[in-house]
2 protein chains.
Amino acid sequence: MKPTIKDVARKANVSVATVSRVLNNQPGYSVETEKKVLEAIDELGYHPNALARGLVGKRTKTLGVLIPRISNMVSSQIMNGIEDAAHKNDHSVIICNTDNDGQKTMVYLDVLREKRVDGIIVVSEMLTEEYANKLVELKVPVILISTIDETGQFPHIKVNDEQAAYQATEYLISKGHKNIAMISGTPEDMVAGKPRLDGYKKALRENGLPVKEENIVFGDFWFDSGKECMERLLNNNQGITAIFVASDEMAAGALSTAYKSGIRVPEDISIIGFDNTQLAEMTIPPLTTVSQPFYQMGYKGLKLLLKAIKGKEVNSAILPHVIVERETVKKV
Amino acid sequence: MKPTIKDVARKANVSVATVSRVLNNQPGYSVETEKKVLEAIDELGYHPNALARGLVGKRTKTLGVLIPRISNMVSSQIMNGIEDAAHKNDHSVIICNTDNDGQKTMVYLDVLREKRVDGIIVVSEMLTEEYANKLVELKVPVILISTIDETGQFPHIKVNDEQAAYQATEYLISKGHKNIAMISGTPEDMVAGKPRLDGYKKALRENGLPVKEENIVFGDFWFDSGKECMERLLNNNQGITAIFVASDEMAAGALSTAYKSGIRVPEDISIIGFDNTQLAEMTIPPLTTVSQPFYQMGYKGLKLLLKAIKGKEVNSAILPHVIVERETVKKV
DNA sequence: ATGAAAGCGCTAACAG
DNA sequence: CTGTTAGCGCTTTCAT
């Protein structure tokens, strides 16, 4: 069997309390004792049982992450940041792939409760009321990444989507474009949908450009819908010279359609994306896009969670975005 | 405080033993009792403590996954399959991003030991001897996905890389290509490197085609190296008409370079990739490639792990690959 | 069918 | 500086 703290105590000729003390380096033992204990630990190949620790203490050093779908460039980058920060701070994370399925999410929340995680990070999930209530019930700190809740009970960490969209559009305007279309995501999405659309419209308006509804098409953020949206835009072409696309994946789709239609980017039409996932450097030509600091969002989100677990107050944070210029936008 | 089994027992006027029985639906209680208990549980909002359970029982229903880097299309898809299978079978997974760093890996193994996971899945990691030894030390079942260990102590699950490469090359040959180059990964990689290179050579040989060393260039599987490799190939062009590329990312890089160089794919040169990640449908033109069933690999790997945990014997499994024809290969 | 009681491995008073 | 002891919440004999 695996050696326990008792075995160590016996071997080192001390009490379990003493072993526990050196294990948690709390004061109360001589150097000699420490040496004896350490030796015993080493010889026995002893490893503390985290379950027992968690049972008596209050911390498990385990965190839960609820994420819609890990096989997704955005999610996985955020996850990467979360994981790195967790590991550096001596915590583990249980990953919960919710598939945006409310049912599954609720089940997961119970699991996390039973496993007594110290805190929870919610990534990109729309927070329904039921969801939020249950989260509160769990009575552990919660941090939201790249999402928000209307009630404002949980701190979130994201970029300023509206402002980013505004700047992306202004960037196009600064390049001389006047007839700028947008491939938007679902406007019901209060993070990546509506705000980006609003930012786009605002930029046009404030620059004295007309907002034409026929220049705005809606996709679902993914590649295929990007292709489709581009087709629609091309069909009722109103002489647009540039497009602001609400995600890199849709932008890649738009690029594909443009290519198939014999439209050259950026010669005939300029495109700016949103996200700056790995995909952005792989498209032909490489995609100019608004970069979101996904890794940092995850990393910082986890740090905040840890802070909250320690009982400190934490506030929401807006991280800076930046436009990465590549080759899909040209001056007109 | 959170209600415990004692609270439930008290409220239902039974002993904790009885509550435990209905909780684990073991025999030994009347329908009435069950009802009382269930009601108490409901009213109290009781949730069992998994730590306590794990401490006394031997199972934690928690698994560990060691993966080089989750923000990677291949890894994340495998992870997706793992997670799905785990959740469906009432288990959680702790994700361990090793960054291919031996040090980090060793630390993680200790964490998994301390948290008493029931089993471990290793994804895409080169298994050093030290690594393997520690894995054995943990004394929990281990399954390897998309990797192998020379000692053959652990069951693995992957595709037949050599055969897949062989078929990819033969596919090109069947399309009339005779001068076929290869962009290989690192030949030290015993899964995605050497076997694929061997398969390529074998196909050429068995079809009476010469294996020319100048037609083989080596990258590191990633996009940038794909671009570079393509440049090298184009520079000392020996009239090649097709290329077998050992990963989709490198293939995408090759496509970029081709485009920049004014080489049309597939008109001037045909390309077949390997992996069939999401990227393959997003390239211009869409990439013909060898599809690996990543999701299934993860899903099945986890099922095997569960089987092993139950004490049953499990064997390695080779999953089928298939060539997905898209638009980067043409008949010559 | 049900209860009492002995731990699982550890931490944290409380005594010396 | 060190040991004793009482749990943490649960499962599991062993009785009844």
Side-chain angles (χ1 to χ4, degrees), chain A residues 1-38 40-41 44-62 110-118 139-140, chain B residues 1-38 40-41 44-62 110-118 139-140:
Chain A
M1 265 327 286
K2 290 200 176 80
T4 74
I5 197 172
K6 266 190 192 163
D7 300 317
V8 176
R10 198 173 309 128
K11 177 141 201 157
N13 267 313
V14 298
S15 71
V16 293
T18 299
V19 177
S20 177
R21 287 191 188 96
V22 351
L23 240 28
N24 302 287
N25 47 76
Q26 280 172 3
Y29 50 85
S30 66
V31 231
E32 281 182 74
T33 317
E34 177 176 21
K35 195 165 151 265
K36 278 195 300 179
V37 172
L38 256 23
I41 287 177
L44 257 31
Y46 167 76
H47 288 270
N49 182 328
L51 297 174
R53 279 184 160 172
L55 186 57
V56 45
K58 44 259 31 177
R59 305 268 312 261
T60 55
K61 297 208 173 193
T62 302
D110 277 333
V111 171
L112 293 180
R113 182 210 309 258
E114 295 186 0
K115 301 226 161 139
R116 298 296 192 265
V117 296
D118 295 334
K139 296 214 244 322
V140 294
Chain B
M1 265 326 286
K2 290 198 177 81
T4 72
I5 196 172
K6 267 190 192 162
D7 300 318
V8 177
R10 199 173 308 127
K11 178 140 200 157
N13 269 311
V14 296
S15 71
V16 294
T18 299
V19 177
S20 177
R21 287 190 189 97
V22 352
L23 240 27
N24 301 285
N25 47 76
Q26 281 172 3
Y29 51 85
S30 65
V31 230
E32 280 180 74
T33 317
E34 177 176 20
K35 194 165 152 266
K36 279 194 301 181
V37 172
L38 258 21
I41 287 177
L44 257 30
Y46 166 76
H47 287 270
N49 182 328
L51 297 174
R53 279 186 158 172
L55 186 57
V56 44
K58 44 261 34 184
R59 304 269 312 262
T60 56
K61 297 208 174 195
T62 302
D110 277 334
V111 172
L112 293 181
R113 183 208 310 257
E114 294 186 2
K115 301 226 162 141
R116 298 295 192 264
V117 295
D118 295 333
K139 296 216 250 308
V140 294

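Per chain, numbering begins at 1; letters A, B, ... match sequence-line order.
From A:I5, atom CD1 reaches atom NE2 of A:H47 across 14.0 Å, with rounding to the nearest 0.5 Å. Between atom NZ of residue A:K36 and atom OG1 of residue A:T18 there is a gap of 8.5 Å, rounded to the nearest 0.5 Å. One distance of note links CG of A:L55 with CG of B:N49; it measures 6.0 Å at 0.5 Å rounding.
Remark on DNA chain C: of its neighbouring residues B:V56 and B:T33, the 5'-side contact belongs to B:T33, judged by nearest-heavy-atom nucleotide. With the nearest nucleotide of DNA chain C identified for both B:N13 and A:A17, B:N13 has the one nearer the 5' end.
With 3.5 Å as the limit, one finds a donor-acceptor pair spanning the side chains of B:K115 and A:T62.
The CZ-P distance, from B:R116 to C:dC10, rounds to 7 Å in whole Å. Taking atom CZ of A:R21 as the reference point, atom C1' of D:dT5 lies 12 Å away to the nearest angstrom. Straight-line distance from the NZ atom of A:K36 to the C1' atom of D:dT2: 10 Å, rounded to whole Å. In this structure, the CD atom of A:E32 is 11 Å from the P atom of D:dC1, given to the nearest Å. One interatomic measurement links the two molecules: CZ of A:R10 to C1' of C:dG9, which rounds to 13 Å at whole-angstrom precision. We find that CG of B:L51 is positioned 13 Å from P of C:dT11, with the value rounded to whole Å. Rounded to whole Å, atom C1' of D:dT12 lies 10 Å from atom CG of B:N24. What separates CG of A:L55 from P of D:dA6 is a distance of 18 Å, to the nearest Å.
A 4.5 Å side-chain heavy-atom check between A:E114 and A:V111 finds every atom pair outside the cut-off.
The phosphate of D:dT11 has OP1 or OP2 within less than 4.0 Å of a side-chain N or O from B:R53. Considering only side-chain N and O atoms, B:T4 lies nowhere under 4.0 angstrom from the phosphate OP1 or OP2 of D:dC8. Close to D:dC8, at under 4.0 Å from its OP1 or OP2, lies no side-chain N or O of B:N49. Distances shown here put a side-chain N or O of B:S20 below 4.0 Å from the OP1 or OP2 atom of D:dT11.
Using a 4.0 Å heavy-atom cutoff across all strands shown, B:V14 reaches sugar-phosphate atoms only and no base atom. In this structure, B:Q26 reaches the sugar-phosphate backbone alone: every heavy-atom distance under 4.0 Å involves primed, P, OP1 or OP2 atoms, never a base. In this structure, B:D7 reaches neither bases nor backbone, as no heavy-atom distance under 4.0 Å exists between it and the strands shown. Among the heavy atoms of the strands lying under 4.0 Å from A:T18 are primed sugar atoms or P, OP1, OP2 only; no base atom is included.
Of the candidate nucleotides C:dA1, C:dA13, C:dT11, C:dA1 has the atom nearest to the side chain of B:S30. Residue A:P48 has its side chain nearest to C:dC10 when only D:dT11, C:dG3, C:dC10 are considered. With distances taken from any side-chain atom of A:S15 to the nucleotides C:dC10, C:dT2, D:dT4, the minimum falls on D:dT4.
In this structure, B:Q26 places its CD atom where more than 12 heavy-atom neighbours from other residues, nucleotides or ligands lie under 6.0 Å away.
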